[in-house]
Trainee: 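Quick one: the structure is below, questions incoming.
These numbers come from a predicted model, not from an experiment.
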Amino acid sequence: MDIDLSEYGWSGGAAPTDGRLGRIVRVDRGECDVIAVEGRLRVISDSQRAQDLVAPATGDWVMVVDDPELGPVVARVLDRTNTVSRRDPSEAVVEQVLVANVDLVLIVHGLDRPLPPGRLERFLVVGWDSGAEVAVVLTKADRNGEAAVEVAAVVSALAPEVRVLTVGMGSGAHEGLHEVEALMTPGRTAALLGESGAGKSTLVNALIGEDRLEIGEVRSSDSRGRHTTVSRELLLRPAGGLLIDTPGIRAVGIWDAEESLARVFGDLEERAVGCRFNDCAHLSEPDCAVLAEVAAGRVDIRRVVRYRALRTELEVQREREVDRNRRRAGGRRPRR
């Protein structure tokens, strides 16, 4: 029986004719699993190719052709509608695409641990920078109802327009799950982001209705979990919609996210309009409107420090990218 690719999110009309259309549901080193009309294919793919070419990622739409010696191979990656990306933890100026072509980013946080505002801000920047809808899902609410209220208030204070959904993760019924299910419509792709042990795999299993993903234990000492999800895998829900679980993220390096940074810290940027200097760094400059708000008790200085750190991170990233491109082009780095 042929697979209806519209269930996997295809909405591009007639399929291209230079191969077999398919969507990548899992990427391994040098190979990937692709859903095509005829079913699931194991396909050769060079995921380590040069940075000026598009390396296939989970969620990509691709054209598959048959090589006489290698078998099915990825011929090309179709244009992406968007990506969820971060700065590669091992490289200073390399973008790491986590997943591609998503409609919804679910930031998952377990209520058995504190929620550092800085980590939430970084996840919000990554989510919003994709252009997808963003929502926060608080799991394990059955263990700590008071924490659910407190953390929801933190999220609402930082991002009042973001929906906050609370789900109990105990055995049996998952209280609040229906609110997450309401976001999952046929053909819509949701990517889950969060730390290890946050409850992402448990949430995916609950939304699918079966235990498809391994669930790891969480240490009682610090509520940290091991990485039971080791790759990004796209799963089809029987009730419609698609889910991409991702390995737990420790380092949330932002990538080329100027507009999203402004959205997360819009309140500070609005206040900065009143600063005497246009390039005010909000450190010790005279007539700094932001620091005046801090002195008046209306702005938390810790939030200003996080804003400065993220903005500096983006500026350094851009400078290094310029130097990297210059070296690639054969130019010399200017003396300082």
Trainee: If hydrophobic clusters are built from ILVMFWY residues whose side chains come within less than 4.5 Å, do V149 and V162 share one?
Mentor: no
Trainee: If you round to the nearest 0.5 Å, how far is CG of L207 from CG of L192?
Mentor: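 If we round to the nearest 0.5 Å, L192:CG and L207:CG are 7.5 Å apart.
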Trainee: When rounded to the nearest 0.5 angstrom, what is the spacing between NE2 in H178 and CG in L165?
Mentor: 9.5 Å
Trainee: With sequence neighbours excluded, what pairs up with W128 under the ring-ring contact (aromatic ring centres under 6.0 Å, His included) test?
Mentor: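 If we apply the ring-ring contact (aromatic ring centres under 6.0 Å, His included) test to W128, skipping adjacent residues, there are no hits.
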Trainee: Between OG1 of T83 and CG of L98, what distance do you get to the nearest 0.5 Å?
Mentor: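 These two atoms lie 8.5 Å from each other.
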Trainee: Under the salt bridge (charged side-chain N to carboxylate O under 4.0 Å, His left out) test, which residues partner E181, sequence neighbours left out?
Mentor: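 Partners of E181 by the salt bridge (charged side-chain N to carboxylate O under 4.0 Å, His left out) criterion, ordered by chain and then number, come out as R237.
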Trainee: Using the rule given for side-chain contact (heavy atoms from CB on, under 4.5 Å), can you reason through D33 versus E233, listing the C-alpha separation, both sets of side-chain angles and the distance that settles it, and then say yes or no?
Mentor: CA-CA 9 Å; D33 289 344; E233 185 167 1; over 6 Å; no
Trainee: According to salt bridge (charged side-chain N to carboxylate O under 4.0 Å, His left out), who are the partners of R20, at least two apart in sequence or on a separate chain?
Mentor: E38, D66
Trainee: Measuring from atom CG of L193 to atom OG1 of T246, what distance do you get when rounded to the nearest 0.5 angstrom?
Mentor: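 One finds 5.0 Å between CG of L193 and OG1 of T246.
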Trainee: Return yes if a side-chain donor-acceptor contact under 3.5 Å exists between E121 and Y307, otherwise no.
Mentor: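 Not at all, the side chains of E121 and Y307 share no donor-acceptor pair under 3.5 Å.
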Trainee: Might you work through the side-chain contact (heavy atoms from CB on, under 4.5 Å) test for L310 and L314, ending with a clear yes or no?
Mentor: CA-CA 6 Å; L310 286 173; L314 280 177; over 6 Å; no
Trainee: Using a 3.5 Å cut-off and no angle test, enumerate the donor-acceptor pairs between side-chain atoms of residues 270-277 and protein atoms at least two apart in sequence or in another chain.
Mentor:
{"unit_1": "R271", "atom_1": "NE", "unit_2": "E293", "atom_2": "OE1", "d": "3.0"}
{"unit_1": "R276", "atom_1": "NE", "unit_2": "D287", "atom_2": "OD2", "d": "2.8"}
{"unit_1": "R276", "atom_1": "NH2", "unit_2": "D287", "atom_2": "OD2", "d": "2.4"}

Trainee: Measure across L234 and G59 and return the closest heavy-atom pair with its distance rounded to 0.1 Å.
Mentor: CD1-CA, 4.2 Å
Trainee: Under the criterion side-chain contact (heavy atoms from CB on, under 4.5 Å), I'd like the reasoning laid out for V25 against L242: C-alpha separation, chi angles, the key distance, then a yes or no.
Mentor: CA-CA 10 Å; V25 297; L242 303 119; over 6 Å; no
Trainee: Could you give all pairs that pass the ring-ring contact (aromatic ring centres under 6.0 Å, His included) test and reach residues 64-83, with sequence neighbours left out?
Mentor: none
Trainee: Looking at residues at least two apart in the chain, or sitting in another chain, which of them share a salt bridge (charged side-chain N to carboxylate O under 4.0 Å, His left out) with R80?
Mentor: D60
Trainee: Any donor and acceptor pair, going by atom type alone, linking the side chain of S6 with main-chain N or O of G187 inside 3.5 Å?
Mentor: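 Checking the backbone N and O of G187 against the side chain of S6, no donor-acceptor pair under 3.5 Å is found.
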Trainee: Compare all side-chain heavy atoms of L268 with those of H282 and state whether any distance is below 4.5 angstrom.
Mentor: no
Trainee: For E133, give me all partners under side chain to side chain donor-acceptor pair (under 3.5 Å), at least two apart in sequence or on another chain.
Mentor: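 Partners of E133 under the side chain to side chain donor-acceptor pair (under 3.5 Å) test: R188.
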Trainee: Please identify each residue that fulfils side chain to side chain donor-acceptor pair (under 3.5 Å) with D18, with sequence neighbours left out.
Mentor: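 For D18, the residues satisfying side chain to side chain donor-acceptor pair (under 3.5 Å) (neighbours in sequence not counted) are R76.
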Trainee: Just jot down the ring-ring contact (aromatic ring centres under 6.0 Å, His included) partners of Y8, sequence neighbours excluded, or say none.
Mentor: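 Expected list: none.
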Trainee: Kindly list each side-chain donor-acceptor pair under 3.5 angstrom involving residues 102-110, sequence neighbours excluded, with atom names and distances?
Mentor:
{"unit_1": "D103", "atom_1": "OD2", "unit_2": "T189", "atom_2": "N", "d": "2.8"}
{"unit_1": "H109", "atom_1": "NE2", "unit_2": "R113", "atom_2": "O", "d": "3.3"}

Trainee: How close do A190 and M184 get, counting heavy atoms only, and between which atoms?
Mentor: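 Looking at all heavy atoms of both residues, the closest pair is CB-SD, 3.7 Å.
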Trainee: Could you walk me through whether D28 and R42 pass the salt bridge (charged side-chain N to carboxylate O under 4.0 Å, His left out) test, one step at a time?
Mentor: CA-CA 10 Å; D28 298 314; R42 190 65 171 172; 2.9 Å; yes
Trainee: Specify the closest pair of heavy atoms between A157 and P160, including all atoms of both residues, with the distance to one decimal.
Mentor: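 So the two residues come closest at O-CD, 4.2 Å.
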Trainee: Under 4.5 Å between any side-chain heavy atoms of M63 and L21, yes or no?
Mentor: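 Touching, per the 4.5 Å side-chain cut-off.
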Trainee: Has D67 got more than 12 heavy atoms of other residues, nucleotides or ligands less than 6.0 Å from its CG?
Mentor: yes
Trainee: Which pair of non-hydrogen atoms, one from V125 and one from L261, has the smallest distance, and what is that distance?
Mentor: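 That closest heavy-atom pairing would be CG2-CA, 4.1 Å.
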Trainee: Find out whether L158 and R303 are in side-chain contact, i.e. whether some heavy atom of one side chain is under 4.5 Å from a heavy atom of the other.
Mentor: yes
Trainee: Indicate yes or no: at least one non-hydrogen side-chain atom of I3 is less than 4.5 angstrom from one of V37.
Mentor: no
Trainee: Taking a hydrophobic cluster as the set of Ile, Leu, Val, Met, Phe, Trp and Tyr residues connected by side-chain heavy atoms closer than 4.5 Å, whether directly or through intermediates, do I244 and V97 fall within one such cluster?
Mentor: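 I244 and V97: separate clusters.
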Trainee: To the nearest 0.5 angstrom, please state how far the OG atom of S11 sits from the CG atom of L5.
Mentor: 11.5 Å
Trainee: Between V304 and L283, is there shared hydrophobic-cluster membership here, with clusters defined by ILVMFWY side-chain heavy atoms closer than 4.5 Å?
Mentor: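 No, separate clusters.
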Trainee: Which atom names give the shortest non-hydrogen contact between I24 and P56, and what distance separates them?
Mentor: CD1-CB, 3.4 Å
Trainee: State the CZ-CG distance between R26 and L235, to the nearest 0.5 angstrom.
Mentor: 9.5 Å
Trainee: Quick one: salt bridge (charged side-chain N to carboxylate O under 4.0 Å, His left out) pairs with a partner in residues 3-12, sequence neighbours left out?
Mentor: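 Matches after skipping sequence neighbours: none remain.
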Trainee: Of all the heavy-atom pairs spanning C32 and V27, show the shortest one and how long it is.
Mentor: CB-CA, 4.0 Å
Trainee: Determine whether L115 and V155 make a side-chain contact, defined as any pair of heavy atoms from C-beta on separated by less than 4.5 Å.
Mentor: yes
Trainee: Please confirm whether the backbone N or O of A281 pairs with a side-chain atom of E285, one donor and one acceptor, at under 3.5 Å?
Mentor: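 Yes; judged by distance alone, with no hydrogens or angles, the pair exists.
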Trainee: Please, which pairs that meet salt bridge (charged side-chain N to carboxylate O under 4.0 Å, His left out) have at least one residue in residues 147-163, sequence neighbours excluded?
Mentor: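 Counting only pairs at least two positions apart or across chains, the salt bridge (charged side-chain N to carboxylate O under 4.0 Å, His left out) contacts touching residues 147-163 are E161-R263.
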Trainee: Begin with the C-alpha distance, continue with both residues' side-chain angles, and end with the deciding distance and a verdict on side-chain contact (heavy atoms from CB on, under 4.5 Å) for L203 and L177.
Mentor: CA-CA 8 Å; L203 179 61; L177 187 66; 3.8 Å; yes
